[in-house]
Each structure stands twice: as C-alpha cells, then as structure tokens.
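Worksheet: the structure to be examined is printed underneath.
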Protein chains: 2
Amino acid sequence: MVHPSGPVDPVQLGAYFALVEVTSLLRHAIEQQLQAAGDLSFVQFQVLSRLDRHSATGSHRMTDLADAIVHSRSGLTYQAGLLEKRGLVTRAPTAGDERGITVTITDAGRALLAQVMPGHVEVVSNLLFEPLARDSAEALAALLEPVRDHMRSAPPRSAQSRRRRSARPGGA
Amino acid sequence: MVHPSGPVDPVQLGAYFALVEVTSLLRHAIEQQLQAAGDLSFVQFQVLSRLDRHSATGSHRMTDLADAIVHSRSGLTYQAGLLEKRGLVTRAPTAGDERGITVTITDAGRALLAQVMPGHVEVVSNLLFEPLARDSAEALAALLEPVRDHMRSAPPRSAQSRRRRSARPGGA
DNA sequence: TATTGTTATACTCTATAACTATA
DNA sequence: TATAGTTATAGAGTATAACAATA
C-alpha cells in the first residue's frame, strides 16, 4: 500500500471514497434515464434545468452558464448548438452588451424537461434518498451547501483560462 | 418553472443539486491535478488506487474492476491496456479460471501513485474538507456509506449487459 | 488591451456488437 | 448455454488555440 507523505485522516478518506462511488453510480443511472426518456445527455439536462429554474425569463449568458456547469466555453457552445438545433433553447444577443449571447429556454424545452422530470426524480429518490431518512437529507444538504459555496468562492473556469492566456510565459 | 408530477421535497432537491455541483467542481480540480502530477486520467487513477488498496496482492479480475469503477468491460480493457503499456499494471491469466485475466499493480504503478497522492490529498482537503469540521466529515461518511451500499445492492453493470444480451426480444 | 463567443481541429474516451475461448 | 475478456468500430464529447467583434 502506498503511504502518502502526511498521515491521511481515514474518516475523511472514507467520506471521499463514498462520495466518489455514490456519484459514479448515481450519474450512470441518471444518464441512462435521461437518454431513454428524452434523448438528453446529463450536461444538456443541466443546461435546461439551470435555465428553467434560474430566472423568470429562463435566460443566462453563455459564460455564466459555462461556469455554472463547470464547462469550457467552447464545450458549452457545442452543447447549446445542439439544444438550439432541437428547438429547446434560443440564442440572442445580450441587451446592453453587444458581445454577449443570452440563452433562453423555449416552451419546447420546458415541455421536454417536464417529460423527463418524473423519471429523473424517481431515479434520484430510489437510489439516493431511499436509504436516507428525511432529516438525513437535510443533514446532507447542510453539509454539502457550505462546501459548494467554498468551491464557488474560487475564480470560475472562464476566468482561469483567460488568465493563462494573458500570463506572459517566463515572466520575471 | 416546470412542476413535475409529484410534489418534490425541496430539501431533497437542495441536497441533490449540491451533490451534483460539489462533485463536478471537485472532479474537475482532481482531473487537473492528476494530469499535471502524473499524466493520469481520473479513471486510471481509480484503477490504480483500487488495485493498490484492495488487497495484499494488488490484484483484481477485469470484470470486478469494471464493476467497481462503473465502467463497461470494453472501456476497462482500453484503460488497462494504456496502463499496461506504461508498465503500471500487468495482466495475467487468472489461476483456476482460464477465462479470467488478473490485473496487478506493479512497483512502477505504486510509485506513480505515491508521486501523485500528496497533491491529490491536498486538492481534496482544500476543496472538500476545508469547510467541514472533523465530525462533519464523519457525518458525511455516515450518510454516504449506506447510500453506496444501497446502490451496490443492485446487480452490477457486467450482469446487466449480459442479461440484455440473453433476453429474447419480444419474448412472450 | 481585455472580454465575449464561435470555430477549427485534434483527441480522448466510451459503448455496442461481434468474436474467441473457457466453464 | 453462459461467462470472461478482447477487438473493431463508430460516435459523442471535450478542450486548446486562433479568430472576429465589441467594451
């Protein structure tokens, strides 16, 4: 067995491994369901549900959306293109900033989301929440939300790639 | 906003979204680190660390490994091939079952793991555990481990694909 | 000059189905 | 006949770098 430099807290390690495993299994099941129920990849589902629940307008700017989903901007362009082709979102110039593009979910997009949702909720309920009591779900949320906020406090991906671009190599 | 058929528990929804977000952010950071520190993908890292900590022999059969990591068997063959090419694992027939292949981590594999581990632990510590008190890590493990066991109680992927193969279509 | 978004490109990964060999 | 693993193949997805347009 490899023994890393510092003594690793076995409790933390257990939590981490459980998280990885749970996530892999859950994600695989979710992907199956989304594909079968609406021919959607998980990323596409994330885009649509972000737009759906984010605002009254159901809109987002491209970069914000990419950061929200932890995607490269070019990757999001690709996915948004697919969704647009299917009529699930529209893209239009952002008012007030001619550089920007605002993505908006369409009625068809909301309809597809509604079609896919019940099965989605069922998978998540069966796999993730069945073995958890109600207050355990509460506890899980209470644990993970601060973690998310902590992770989000770092600069987003879009900023990072730009920084790399701007940074002069060998700059002393 | 789309309203799915049943009333969805907002607490559960919050926990689920937080889980997805935390996982995406964490995984992206981990992949960066593993790539930089040892030219390893996350899946390859999972294979190696499974082998490393699974047993005294550091061995596993292909199908078991695939199931453990939630991979198709052919996908694992591909990854194992890459690892073998780099001398990080070996593949040899399983004793007692001529059909099987046993994968074993090599000294070079363990060395690479040791090389990559400190940075890996650091990323996980900084991102996941920094905002969590010690007993919160314990609580997280206590919540997720039963969930993992529950998910693992379903038949593994290898069994599923074989079942599909065997099932007669339109069989009444 | 920096930022927004797209495009061109190259590549990694993944899965399905067909195949071989053993139980 | 069912299982273990590989292979061939094809497709989906992702990112990097270069680019055009606006701030």
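Treat the numbers as computed from the prediction; the structure is a model and nothing was measured. Note on naming: letters A, B, ... go to the chains in the order of the sequence lines (proteins, then strands), and numbering restarts at 1 for each one.
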*Centres of the A:H120 and A:F42 rings: under 6.0 Å?*
no
*Take the protein atom CD of A:E31 and the nucleotide atom P of D:dG11, then report the distance between them rounded to whole Å.*
19 Å
*Taking the side chain of B:S74 as its heavy atoms from C-beta onward, which of C:dT3, C:dG5, C:dA15 lies nearest to it?*
C:dA15
*Would you indicate, yes or no, if C:dT4 has its OP1 or OP2 atom less than 4.0 angstrom from a side-chain nitrogen or oxygen of A:T94?*
no
*Test item: side-chain donor near acceptor, B:T94 and B:T102, under 3.5 Å*: yes
*Starting from C1' on C:dT14, measure out to CD on A:Q35 and report it in whole angstrom.*
13 Å
*Rounded off to whole Å, could you give me the CD1-to-P distance for the A:I101 and D:dA21 pair?*
13 Å
_Atom-pair distance (CZ on B:R61; P on D:dT6), nearest Å_ = 11 Å
*Between A:V43 and B:G100, who's closer to the 5' end of DNA chain D by nearest nucleotide?*
B:G100
*Flag this pair as yes if the NZ/CZ of A:R50 is under 6.0 angstrom from the six-membered ring centre of B:F17 and inside a 45 degree cone about the axis; otherwise no.*
no
_B:M62, nearest nucleotide to its side chain (from D:dA23, D:dG13, D:dG5)_ = D:dG5
*For the residue pair B:H60 and B:H54, does the interplanar ring angle fall in the parallel (under 30°), tilted (30 to 60°) or perpendicular (over 60°) class?*
parallel
*Answer yes or no: does a side-chain N or O of B:R157 lie under 4.0 Å from OP1 or OP2 of C:dA15?*
yes
*Ignoring backbone atoms, establish whether B:R91 has a side-chain N or O less than 4.0 Å from OP1 or OP2 of D:dT6.*
yes
*asked:* What is the separation between atom NE2 on A:H71 and atom P on C:dG5, rounded to the nearest whole Å?
replied: 15 Å
*For C:dT12, does either OP1 or OP2 sit under 4.0 Å from a side-chain N or O belonging to B:Q79?*
no
_From C-beta outward on A:R99, which listed nucleotide comes closest to its side chain: D:dA15, D:dA23, C:dA15?_
D:dA23
*B:L76 CG to D:dT3 C1': how many Å, rounded?*
16 Å
*Between C:dT6, C:dA23, D:dA8, which one does the side chain of B:E98 approach most closely?*
C:dA23
*C:dC11 P sits how many Å from A:Y78 OH, rounded?*
18 Å
_Output the rounded distance in Å from CG (A:D97) to P (C:dT3)._
13 Å
*Kindly say if B:T77 contacts the phosphate of D:dT7, meaning a side-chain N or O under 4.0 Å from OP1 or OP2.*
no
*Judged by modelled atom types alone, do A:H71 and A:Y78 share a side-chain donor-acceptor pair under 3.5 Å?*
no
